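Presented below is the structure to which this report refers.
Here the structure is a predicted model, which means the values were calculated and not measured. Any value given below was found using the heavy atoms of this structure, including those in side chains, with hydrogens, waters and symmetry copies removed.
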Amino acid sequence: MKDKNAGKKVFSKSFGKKFSSFLEEKKYTKHFLLCDDNTHVSCLPVLLSEIPEMAAASVIKIYDGEEHKNIYAVEYVWEKLTGENADRNAVLINLGGGMVCDLGGFAAATFKRGIDFIHVPTTLLSMADAAVGGKQGIDFMNYKNQIGVFKMPAAIFIHESFLLTLPEEQLKSGFAEIIKHALLAGGKFWKEILELPSLKEINWVNIIEQSLAAKAAVVEKDPYEKSIRKVLNFGHTIGHAIESFQLSKNQNTHHGFCIAAGMMGELYLSSLLCGLSLKKRDQALAVIKNIFPPPAIAADDFEQILDFMKHDKKNSGGKIQFVLLEGIGEPRIECPVNEIMIMESLRFISSSYS
């Protein structure tokens, strides 16, 4: 039976009160709180001040950074849960960005065949995308989210004041997924993105709510990504390959920056293969280029990036599959693209900033 609270989202105007009421209703035997180096300093004090029940929680701290989203960190979480005798009625509260939410959700979903977990996203990326939708997982052999499960959090609590703790590059990284959702939804949401003067003047609650609504509308129709949910992978075939390549080279990288580059390449392919008008393509490209710097890739890297694409989870029958756009708000799933055109798209990304 589906929990009526699963995936519930609460914004900060009722954050502490709603969170405390939720915990009282659930009557968990133990509260565990997962955070990373950054959220332990910047966000944990806020949580403790607003939710008295958290004072007795067992804190599990992991290293921050995508390079630590691996099985070794998961084992550490399992060890901590086991060492403190967590039973199946315990809860793991994930206080962090997409990495903490993904890893913590996976650790909880697999511990003793599954315990409840709550996401408290602290970055724009996790608030607008990563914490929502029920995908929990870790990276493996430098391949993004290669190991994972579908499992909804018991609840999601969003405190947008956490955005004040973020550097500008983290806000930009999260905004890439908002652009993606707007391109997929089209209509009023995309028009609003086109008309935004700057990131500094955004009403974040309004934009995050629209982004969540766009994603939730898709996820509710296809929670296990059998069909229409695949549209949410727009920008990610190329983007994840660039990110995996940069991680393999120990380069400093941000997920959203890679997805922004991926969207540029896939907008290019959309105009070639799906009839996306050049006018609409170039409008979208202008939005991306206005916010994101050129990706740190060169022509000599393209073959390795292509190799990472060959291991993408969306592939079928040995063919690299893309989500492309016929128009703004008109995505098409499972579009096979040959290697020659993929290489062209990578060249297009690199040349777009010259």
Side-chain angles (χ1 to χ4, degrees), residues 6-15 18 97-98 101 119-135 152-153 155-164 166 168 170-223 225 228-236 239 254-257 259-260 262-263 266-267 276 280 283-288 290-292 323 325-331 333:
K8 179 192 294 184
K9 296 171 284 294
V10 177
F11 277 84
S12 64
K13 61 184 178 182
S14 54
F15 180 85
K18 292 288 188 179
C101 290
H119 285 332
V120 185
T122 60
T123 64
L124 180 58
L125 177 62
S126 55
M127 289 181 188
D129 182 72
V132 182
K135 284 185 176 181
M152 289 294 291
I156 302 167
F157 291 92
I158 297 175
H159 202 316
E160 71 269 16
S161 68
F162 287 145
L163 295 177
L164 300 176
L166 300 178
E168 185 178 15
Q170 288 287 349
L171 287 175
K172 288 181 177 181
S173 183
F175 198 67
E177 294 286 357
I178 291 175
I179 292 173
K180 180 198 76 176
H181 290 156
L183 283 169
L184 295 173
K188 179 182 176 182
F189 189 16
W190 176 242
K191 183 179 179 182
E192 189 167 339
I193 296 299
L194 283 175
E195 294 174 351
L196 286 175
S198 73
L199 294 187
K200 294 180 181 179
E201 300 176 57
I202 290 178
N203 178 335
W204 285 116
V205 172
N206 172 54
I207 287 293
I208 291 169
E209 286 183 328
Q210 289 191 76
S211 186
L212 291 176
K215 181 171 183 177
V218 174
V219 172
E220 287 171 7
K221 295 176 183 176
D222 179 24
E225 201 173 56
I228 189 62
R229 181 172 176 165
K230 294 177 182 179
V231 301
L232 297 174
N233 292 311
F234 176 68
H236 285 60
H254 294 286
H255 173 76
F257 285 50
I259 298 309
M263 286 191 289
E266 293 175 30
L267 284 163
L276 177 67
K280 291 181 178 179
Q283 280 182 326
L285 289 172
V287 170
I288 295 169
N290 187 49
I291 297 171
F292 298 94
V323 176
L325 301 179
E326 296 178 357
I328 306 302
E330 301 177 62
I333 64 173

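Under the ring-ring contact (aromatic ring centres under 6.0 Å, His included) criterion, Phe175 pairs with no residue at all, not counting sequence neighbours. Considering only residues two or more places apart in sequence or on other chains, Glu326 meets the salt bridge (charged side-chain N to carboxylate O under 4.0 Å, His left out) condition with Arg332. Qualifying side chain to side chain donor-acceptor pair (under 3.5 Å) partners for Ser211, counting only residues two or more places apart in sequence or in other chains: His181. With sequence neighbours excluded, no residue forms a side chain to side chain donor-acceptor pair (under 3.5 Å) with Lys172. The salt bridge (charged side-chain N to carboxylate O under 4.0 Å, His left out) test applied to Lys135 returns Glu225, not counting sequence neighbours. For Ile228, the side-chain contact (heavy atoms from CB on, under 4.5 Å) criterion is met by Lys221, Asp222, Val231, not counting sequence neighbours. Partners of Asn203 by side-chain contact (heavy atoms from CB on, under 4.5 Å), not counting sequence neighbours, listed by chain and number: Val205, Asn206. Partners of Phe257 by ring-ring contact (aromatic ring centres under 6.0 Å, His included), not counting sequence neighbours, listed by chain and number: His254, Phe292. In this view, Glu201 and Pro197, Ser198 satisfy the side-chain contact (heavy atoms from CB on, under 4.5 Å) rule, not counting sequence neighbours. A search for side chain to side chain donor-acceptor pair (under 3.5 Å) contacts involving Glu168 returns nothing, not counting sequence neighbours. Residues meeting the ring-ring contact (aromatic ring centres under 6.0 Å, His included) test with His236, sequence neighbours left out: His240, His255. Checked against side chain to side chain donor-acceptor pair (under 3.5 Å), Thr122 has no partners two or more places apart in sequence or in another chain.
When every heavy atom of Leu125 is checked against every heavy atom of Ser173, the shortest pair comes out as CD1-O, 4.2 Å. Closest heavy-atom contact between Ile328 and Ala182: CG2-O, 4.5 Å. Minimum interatomic distance between Asp129 and Lys215 (heavy atoms only, all atoms of both residues): O-NZ, 2.8 Å.
In this structure the side chain of Phe162 never reaches within 4.5 angstrom of the side chain of Leu124, judged on heavy atoms. Proximity of Val132 to Val219: side-chain heavy atoms (C-beta onward) are nowhere separated by under 4.5 Å. Within the 4.5 Å cutoff, the side chain of Leu325 has heavy atoms near those of the Leu184 side chain. Counting only heavy atoms from C-beta outward, the side chains of Ile178 and Gln210 never approach each other to under 4.5 Å.
Listed for the Arg229 side chain is a donor-acceptor partner under 3.5 Å among the backbone atoms of Pro223. Between the side chain of Thr123 and the backbone N or O of Gly97, no donor-acceptor pair lies under 3.5 Å.
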